[in-house]
Amino acid sequence: MSQPQRPPGQGLALAATFALGNLPLLCETALAEDPSEAGGGVTVVEAPYHHVLASLRDPSGVFADPSTALAVVLLRAVDLERFGPVGDALLAELRAEYPAALRAMSERTRRPLAVGFLPSSYGDERLARWERELAAELAELPGVAVLRPDDWTRHHAVEDRFDDRTDKLAHLPFTPPFQAAVALTLAEVVRAVRRTPPKVIAVDGDETLWSGVAGEIGPDGVDLGGPRALLARRLLQWRSAGALLVLISNNDEATVRAVLDRPDSLLRAEHFSVVSATWGRKAERLEAAARTLNLGLDSFLFLDDNPVEIAAMRSALPEVLSVTCPAAGELEPFLARLWPLVPAAGTAEDSLRAEFYRHERARDAIRERAGFEEFLAQLDLEVDIRPLSGRDAERAEQLVRRTNQFTLRARSADGGDLERWRRQGEVWTAAARDRFGDYGQIGLLAVRRDGDRLDVLAWMLSCRALGRGVEERLLGWLADRAEALGCATVRLTAERTPRNAPVRRLLAALGGGEPDDTYLAVVTTPEHLRAFRSWEQ
């Protein structure tokens, strides 16, 4: 009998070194309580019992299924000896095979992976050390969340965790209450992983990035090691995945830069897209950073050790996710809860993002010295527009999901926009570069010929490409494409969303109505599109 088809991205693949019992059903029940899953919950699919390594490597197994959104692997070293003793040589071999298989699966599928280590009813230091070493290695990998034995009952207390009888009979080592705690914890991880990650992480300096007050004890006196180094490594992982870092510290700038210049500092000044080291309200400085980066405040996460600063930020800028950073002794478990998973860089654009904003400072210097047209001329901008192909598809999907400022309308709830545009007409992608650096793939255009008119079904442009002539290049391309298809006019329409003011302003300037209209429509000629200059309006 064929298996019922699941909607894309709704499956949770689960493998374990022990029998799962009712755990899959409990996970589905826990996730069904999530209001964001209305209209279709997450289905849990099991890998074959005790075949974790084989399932990770199986190209047709549950982890490779296109419907799988998240992979979960539950491990206990004690289970390795279920069917016979495991000597030190075999244990060392498995110590190499498990992380290799987990890393390969994560890189192959590009899906988030949670690896949970479950407790055992008896202690064996040799096996416990194996688990600790494996957990530490996996915790450094982007795209992998690690749960340790104590994490399952941190928020769900259970008196009796183990059931020796069912363990002997069916290799089902846990009581129903502990299985429920595991299911609830996994549901929390799934929800955290599926939540939109921050685009910008803004952090304080004193008692956050480092222990101590740099202005009082000097840059050489603060502590950058231990848990503070763990925070720094985690921030660098987020930066590699495409998040931007901002430093907002109540300090003299020279003091802050002296700390970051220390040989033992993992974070350097160049890792931060904005360094705001001065005095004054942090909310105002964070707003200034958002304007500099041209990003919405709702994409910011703010970390500060001072609850008063956190309360002030929440009051002034409620759209910012503001979180109190604990003292050094509590920092490691705090990071595990706050960031159960650092995403892997899904596209080349993710890894380019921080470097782009570093180059932006050089562009700003020219912009301040020159008039706007002179600034554009000095950029030496190049825009490459090509039909959407397989190599661009992942970034195109990302643009559809993430673009909310320069887009003609909100994305559809079913996530099928890109495929519909490909069926209805043509989909093109745009990449850009200038003399300072590569912007990557920053735009998407979908068009359809309707008689002698070219309809623009979709136009999306990354906010980092706005205001430097890319819009005009793409309007010129639309003019060329219309003529190539024998169209005398081009039609663009936009529907108002809470964030798409930039595209509405452009259409209004083209003659499509007022920027605040609920619906804008403009039908114009290729000649008008070629002559249009947004900075002249």
Side-chain angles (χ1 to χ4, degrees), residues 376 381-401 403 405-412 414-433 439-462 465-466 468-497 500 502-513 517 519-537:
L376 291 182
L381 179 71
E382 298 178 26
V383 180
D384 174 33
I385 304 166
R386 60 181 182 266
L388 183 66
S389 63
R391 61 176 175 153
D392 300 320
E394 187 173 4
R395 171 58 176 166
E397 291 282 7
Q398 192 179 71
L399 281 167
V400 174
R401 290 194 310 271
T403 305
Q405 294 190 57
F406 198 98
T407 181
L408 297 176
R409 52 192 55 84
R411 65 180 180 272
S412 299
D414 65 4
D417 291 309
L418 192 59
E419 184 57 37
R420 276 191 291 273
W421 299 331
R422 296 177 93 158
R423 290 197 305 266
Q424 294 169 3
E426 306 172 350
V427 181
W428 298 72
T429 183
R433 69 191 66 82
Y439 295 48
Q441 188 181 340
I442 44 79
L444 192 73
L445 280 160
V447 297
R448 176 183 62 197
R449 179 183 175 183
D450 186 0
D452 65 349
R453 185 183 71 203
L454 184 69
D455 282 340
V456 181
L457 304 176
W459 185 6
M460 295 173 177
L461 195 58
S462 171
L466 300 179
R468 59 201 65 208
V470 176
E471 301 96 312
E472 285 71 23
R473 297 288 185 90
L474 295 179
L475 287 172
W477 178 85
L478 283 173
D480 294 342
R481 191 65 192 150
E483 292 182 346
L485 294 174
C487 298
T489 59
V490 177
R491 181 174 183 262
L492 296 104
T493 61
E495 300 170 4
R496 188 175 66 192
T497 75
N500 73 341
V503 77
R504 286 187 279 114
R505 284 196 295 268
L506 185 138
L507 261 64
L510 279 168
D517 289 348
Y519 180 82
L520 293 88
V522 57
V523 178
T524 188
T525 64
E527 292 77 14
H528 181 51
L529 294 181
R530 291 194 183 97
F532 178 80
R533 298 291 182 268
S534 60
W535 57 88
E536 294 176 353
Q537 307 307 310

* Does the R411 side chain pair with the main chain of R401, one donor and one acceptor, at a distance under 3.5 Å? -> yes
* Asked: Taking atom CZ of R386 and atom CD of Q441, what is their separation to the nearest 0.5 Å?
  -> 6.0 Å
* Contact check, side chains of L376 and W535, non-hydrogen atoms, under 4.5 Å -> yes
* Output the distance between atom CG (L485) and atom CG (D452), rounded to the nearest 0.5 Å. => 12.0 Å
* To do: Answer yes or no: is there a donor N or O on one side and an acceptor on the other, between the side chain of N500 and the main chain of T407, under 3.5 Å?
  => yes
* For the residue pair R433 and D384, what are the closest heavy atoms and their distance? -> NH2-CB, 4.5 Å
* With L474, which of V456, L529, L445 fulfils side-chain contact (heavy atoms from CB on, under 4.5 Å)? -> L445
* Structure fact -> When every non-hydrogen atom of L388 is compared with those of A396, the smallest separation belongs to CD1-CB, 3.7 Å
* In Å and rounded to the nearest 0.5 Å, what is the CG to CZ distance from L454 to R491? -> 11.5 Å
* Closest non-hydrogen atom pair between I385 and A430, with its separation -> CG1-CB, 4.2 Å
* Donor-acceptor contact below 3.5 Å, side chain R533 vs main chain R530 -> yes
* Any donor-acceptor N/O pair, R473 side chain to L381 backbone, under 3.5 Å -> yes
* Asked: How close do P387 and D392 get, heavy atom to heavy atom, and via which atoms?
  -> O-OD2, 4.3 Å
* Structure fact -> Heavy-atom nearest pair, P526 first then A488, reads CD-O, 3.2 Å
* Asked: Which distance, rounded to the nearest 0.5 Å, do you find between the CZ of R481 and the CZ of R449?
  -> 10.5 Å
* Side chain T525, main chain H528, donor-acceptor under 3.5 Å -> yes
* **V427 side chain near L444 side chain, heavy-atom distance below 4.5 Å** => yes
* Report the distance from atom OG1 of T493 to atom CG of L507, rounding to the nearest 0.5 Å. => 7.5 Å
* **side chain to side chain donor-acceptor pair (under 3.5 Å) partner of S534, the single match among R505, E471, E472** => E472
* For the side chain of R420 and the backbone of R422, is there at least one donor-acceptor N/O pair under 3.5 Å apart? -> no
* **Residues D450, R448: salt bridge by 4.0 Å N-O rule** => no
* Does the side chain of V470 come within less than 4.5 Å of F406's, by heavy atoms? -> no
* Expected output: side-chain R409 to main-chain L457 donor-acceptor under 3.5 Å -> yes
* So V522 and L520, side chain to side chain contact (heavy atoms under 4.5 Å, CB included) or not? Walk me through it. -> CA-CA 7 Å; V522 57; L520 293 88; over 6 Å; no
* Give the C-alpha distance, both sets of side-chain angles, the deciding distance and a yes or no for side chain to side chain contact (heavy atoms under 4.5 Å, CB included) between L506 and L492. => CA-CA 11 Å; L506 185 138; L492 296 104; 5.7 Å; no
* Asked: Just how far is it from atom CD of E483 to atom CG of L478, taken to the nearest 0.5 Å?
  -> 11.5 Å
* Exercise: identify the closest heavy-atom pair between G443 and L461 -> CA-CD1, 4.0 Å
